[in-house]
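Below is one structure, written out as structure tokens, with a few remarks after it.
Side-chain atoms are counted along with the backbone in the values below, which use heavy atoms only and exclude waters and symmetry mates. First listed ligand is number 1; within each ligand, the first listed atom is number 1. Residues: numbered from 1 along the sequence shown.
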Amino acid sequence: MSPNVSNISEIAFACEKAGADAITAINTVQGMIINIDAKRPVLSYKRGGMSGPAVKPVAIRSVYDIYEKVSIPIIGVGGIMNGRDAIEMMQAGASAVGIGSAVYYYGVEVFQKILNEIKEWMEKNNYDSVKEIIGLAHDGN
Ligand SMILES: Cc1cc2nc3c(=O)[nH]c(=O)nc-3n(C[C@H](O)[C@H](O)[C@H](O)COP(=O)(O)O)c2cc1C
């Protein structure tokens, strides 16, 4: 789902009602860079999609809001660079996470590294299954 909307959770709810099996959130956040000497946007399409650490708070908030509105699983994506980010996304309500930009920064080894960091955090905090982490940041959990 695109985060470039005014109420992402309403749209997620409509998707669920229409028969969606799961929600993936978020896609990139629209942005623009202007070259002040050229006095024009840098990108030929003018607007571009932002990803990586800068968009993580938007992704976390979106997943948190969607989790409060739907009961289908959510795949949380946006700015996950390490195990702590993945756990934050799961506590917001994601059943699984997606990783894009971190591969650009760290290579494909990042998947195993993030998995190890998730396991380490779970062991330290006495969790046996990731299922116990999903939605933990919500009131009442
Ligand atoms: C180079 C690049 C290409 C992407 N292409 C697509 C695409 O074709 N379809 C799509 O839904 N999202 C696409 N995305 C968005 C990613 O799936 C993801 O939602 C976004 O990058 C945020 O996650 P990240 O911070 O882990 O990269 C693309 C992102 C990047 C950086």
heavy-atom search around atom 22 (C) of ligand 1 in the protein gives Gly78 CA, 3.7 Å

What protein heavy atom sits nearest atom 11 (O) of ligand 1, and how far off is it? Asn27 ND2, 3.1 Å

Which ligand 1 atoms are under 4.0 Å away from a heavy-atom of Ser101? 24 (P), 25 (O), 26 (O), 27 (O)

Which of the numbered atoms in ligand 1 are under 4.0 angstrom from any heavy atom belonging to Gly79? 24 (P), 25 (O), 26 (O)

We want to know whether [X] and [Y] form a side-chain donor-acceptor pair, criterion being a heavy-atom distance below 3.5 angstrom.
X      : Y      : value
Thr28  : Ser51  : no
Glu120 : Asn116 : no
Ser9   : Glu68  : no

With sequence neighbours left out, write down each residue that passes ring-ring contact (aromatic ring centres under 6.0 Å, His included) with Tyr64, or none if nothing qualifies. His138

Could you say whether the N/O atoms of [X] and ligand 1 ever approach to under 3.5 Å?
X     : value
Ile26 : yes
Ile80 : no
Thr28 : no

Give a yes/no on ligand 1: does Ala102 have at least one heavy atom closer than 4.0 angstrom to it? no

Which one of Gly48, Gly100, Ser51 has a non-hydrogen atom at the shortest distance from atom 31 (C) of ligand 1? Ser51

Counting only heavy atoms on the protein side, is anything nearer than 4.0 Å to [atom]?
atom                    : result
atom 5 (N) of ligand 1  : no
atom 9 (N) of ligand 1  : no
atom 19 (O) of ligand 1 : yes
atom 28 (C) of ligand 1 : no

Main-chain N/O of Gln30 paired to Asn4 side chain as donor or acceptor, under 3.5 Å: yes

Check whether Asn35 reaches the backbone of Asp37 with its side chain - one donor and one acceptor, N or O, closer than 3.5 Å. yes

Met1 vs Ser62, side chain to side chain contact (heavy atoms under 4.5 Å, CB included): CA-CA, chis, key distance, verdict: CA-CA 10 Å; Met1 293 192 58; Ser62 300; over 6 Å; no

Enumerate donor-acceptor pairs with a distance under 3.5 Å from any side-chain N or O in residues 74-92 to protein atoms, sequence neighbours excluded.
| residue | atom | partner | partner atom | Å |
| --- | --- | --- | --- | --- |
| Asn82 | OD1 | Arg84 | N | 3.1 |
| Asn82 | OD1 | Asp85 | N | 2.8 |
| Asp85 | OD1 | Lys56 | NZ | 2.8 |
| Asp85 | OD2 | Met81 | N | 2.9 |
| Asp85 | OD2 | Asn82 | N | 3.4 |
| Glu88 | OE1 | Lys56 | NZ | 2.8 |

Salt bridge present between Lys113 and Glu117 (N-O < 4.0 angstrom): yes

